[in-house]
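The residues of the chain are indexed from 1 along the displayed sequence. The structure displayed is predicted, hence computed values, not measured ones.
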Amino acid sequence: MENFGEGRRSGGGMLPLLALSAVAEYYRLPWKPPVTASLLAANTLVYLRPAFIDPVIPHISEVWFNPHLIFKHKDLKRLFLSAFYHVNEPHLVYNMMSLLWKGIKLETSMGSSEFASMVFTLIGMSQGVTLLLAKSLLLLFDYDRAYYNEYAVGFSGVLFAMKVVLNSQAEDYSSVYGILVPTKYAAWAELILVQMFVPNASFLGHLGGILAGIIYLKLKGSYSGSDPVTMAVRGVSRLVTWPLRFLNGMVRSRRRRITGRGRVGRGQTGIAGPGIWRCQSCTYDNSGWLSACEMCGSGRARGNGWSLNQGPALSSSNDLPLDELRRRRVERFS
């Protein structure tokens, strides 16, 4: 999250760099994580505010995360939507580059349903913990001006929470702004270093994200099985994609058949279905009502195939001469 500063400033054309990085990362992946892509698109569209969504989304002045206004007006809009707004282009690009890397790692390992559930939970938890921290500092230390009346926006609180989840099982070391630290504590090192180098950054928002990540891991570790949010996300996704899956199944089924009343193939000679017999000359499956092969004209009574109620008919000639077979086909279809 970033505190209120000078408003939106130009970033020197950094958005094309973000787009290029996202396309390059997704191009090399065998499976494209859809939730990460959706989050990138949502944050970018909110910042750019194209004409088709401008009338339906609130202005940044209506969604600043401000503990005083949230408590005073019970303004949940500020609590949740502020995470998707950014002050300027560098603020957006830095957060989205971080989301691109973390999102791909987590969604690939967790699956889209669980990842979506986690992000939804971390947004609420990180914003909620930050709100409670600001209120606690006001009540215990009378810190009203520093944190309680602070204005902030941005996805970085959620990113700090995601970093905690991503690094929770790591045993190696990572470089944070050139300083080597244990990976599982990288979020704490980044919290301090970001505050040192970026004074406008919301210390309380980032701290709230770290604490939210820790709480999420504790709750997940104490609960076996899929959490209710994950189950709900999976249910909604299956419901939304059901028409697509149904059509896909229909297309695959039709590809396995050809037009007509039989199947062509060289599978096992035998019963292909009720009332169906298979011609031994051309392997075409014919209706039990037919006495001659619909494809090549060979007679069923001459030992061609099986039927539901009879075994293989005996015949002294199981194979027709090639010239005779061609002649019958020409007569049949000419």
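A donor-acceptor pair under 3.5 Å links the side-chain atoms of Tyr26 to the main chain of Pro33, judged by distance alone. The closest donor-acceptor contact from the side chain of Glu107 to the backbone of Phe115 lies at 3.5 Å or more, if one exists at all. At distances below 3.5 Å, not a single donor-acceptor pair connects side-chain atoms of Asp54 with backbone N or O atoms of Pro50. Side chain of Tyr47 to main chain of Leu92: no donor-acceptor pair is present (N/O by atom type, distance under 3.5 Å, no hydrogens or angles). A donor-acceptor pair under 3.5 Å is formed between the side chain of Asn66 and the backbone N or O of Asn149. Remark: the backbone N or O of Trp101 is not paired with any side-chain donor or acceptor of Glu25 at under 3.5 angstrom. Side chain of Ser117 to main chain of Ser113: no donor-acceptor pair is present (N/O by atom type, distance under 3.5 Å, no hydrogens or angles). Judged by distance alone, the side chain of Arg49 and the main-chain N or O of Ile57 form a donor-acceptor pair under 3.5 Å. His59 places a side-chain N or O within donor-acceptor distance of the main-chain N or O of Ser61, the cut-off being under 3.5 Å. Of the possible donor and acceptor atoms, none in the side chain of Asn167 sits under 3.5 Å from a partner among the backbone N and O of Ala170.
Criterion: ILVMFWY side-chain heavy atoms under 4.5 Å apart, direct or through other members. Under it, Leu45 and Leu81 are part of a common hydrophobic cluster. The hydrophobic clustering, which links ILVMFWY residues whose side-chain heavy atoms are closer than 4.5 Å, places Val181 and Met196 together. Residues Met118 and Phe80 share a single hydrophobic cluster, defined by chaining ILVMFWY side chains whose heavy atoms lie under 4.5 Å apart. Residues Val176 and Phe197 share a hydrophobic cluster, clusters being chains of Ile/Leu/Val/Met/Phe/Trp/Tyr side chains in contact below 4.5 Å. Val23 and Leu99 fall into different hydrophobic clusters, where Ile, Leu, Val, Met, Phe, Trp and Tyr side chains are chained together by heavy-atom contacts under 4.5 Å.
Using a 4.5 Å cut-off on side-chain heavy atoms (C-beta onward), Leu48 and Leu15 make contact. Here the side chains of Tyr185 and Val164 are not in contact, with every heavy-atom distance at 4.5 Å or above. No side-chain heavy atom of Thr121 sits less than 4.5 Å from a side-chain heavy atom of Leu219. Using a 4.5 Å heavy-atom cutoff, the side chains of Ser112 and Trp31 are in contact.
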Phe155/Phe84 under side-chain contact (heavy atoms from CB on, under 4.5 Å): CA gap, chis, key distance, verdict: CA-CA 6 Å; Phe155 208 74; Phe84 295 92; 4.0 Å; yes

Dump the intermediate steps for side-chain contact (heavy atoms from CB on, under 4.5 Å) on Leu137 and Tyr148, then the final yes or no. CA-CA 8 Å; Leu137 289 174; Tyr148 195 67; over 6 Å; no

Assess the residue pair Phe71 and Leu131 against the criterion (side-chain contact (heavy atoms from CB on, under 4.5 Å)); give the C-alpha distance rounded to whole Å, side-chain angles, the decisive distance to 0.1 Å, and a yes or no. CA-CA 9 Å; Phe71 277 114; Leu131 187 66; 3.6 Å; yes

I would like to know whether Lys220 and Glu114 meet side-chain contact (heavy atoms from CB on, under 4.5 Å); could you show each step before the answer? CA-CA 11 Å; Lys220 188 173 179 62; Glu114 188 174 353; 2.6 Å; yes

Ring pair (Phe, Tyr, Trp, His ring centres under 6.0 Å), that's the test. Do Tyr151 and Phe65 meet it? Break it down for me. CA-CA 5 Å; Tyr151 289 83; Phe65 183 90; over 10 Å; no

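Note that CG of Leu100 is 4.0 Å distant from CD1 of Ile104, once rounded to the nearest 0.5 Å. The OG1 atom of Thr130 sits 6.0 Å away from atom CG of Leu204, with the distance rounded to the nearest 0.5 Å. Note: Tyr173 OH to Thr183 OG1 = 9.0 Å, rounded to the nearest 0.5 Å. One finds the NZ atom of Lys184 at 8.5 Å from the OG atom of Ser168 (value rounded to the nearest 0.5 Å). The OG atom of Ser82 sits 9.5 Å away from the CG atom of Asp75 when rounded to the nearest 0.5 Å. One distance of note links CE of Met14 with CE of Met96; it measures 12.5 Å at 0.5 Å rounding.
The salt bridge (charged side-chain N to carboxylate O under 4.0 Å, His left out) analysis of residues 185-208, with sequence neighbours excluded, yields the pairs Lys163-Glu190.
Heavy-atom minimum distance, Leu180 versus Ser175: CD1-N, 4.1 Å. When every heavy atom of Val158 is checked against every heavy atom of Ser126, the shortest pair comes out as CG2-OG, 3.8 Å. Taking each heavy atom of Leu79 and Gly128 in turn, the nearest pair found is CD1-N, 4.3 Å. Taking every heavy atom of both residues into account, Met97 and Ser21 meet most closely at CE-OG, 3.5 Å. Among all heavy-atom pairs drawn from Ala83 and His86, the shortest one is O-CE1, 4.2 Å. The nearest pair of heavy atoms linking Glu150 to Ser202 is OE2-OG, 3.1 Å.
Heavy atoms from other residues, nucleotides or ligands lying under 6.0 Å from OH of Tyr27 number 12 at most. Shown here is Lys32, whose NZ atom has more than 12 heavy atoms of other residues, nucleotides or ligands within 6.0 Å.
There is a side-chain donor-acceptor pair under 3.5 Å between Lys102 and Ser98.
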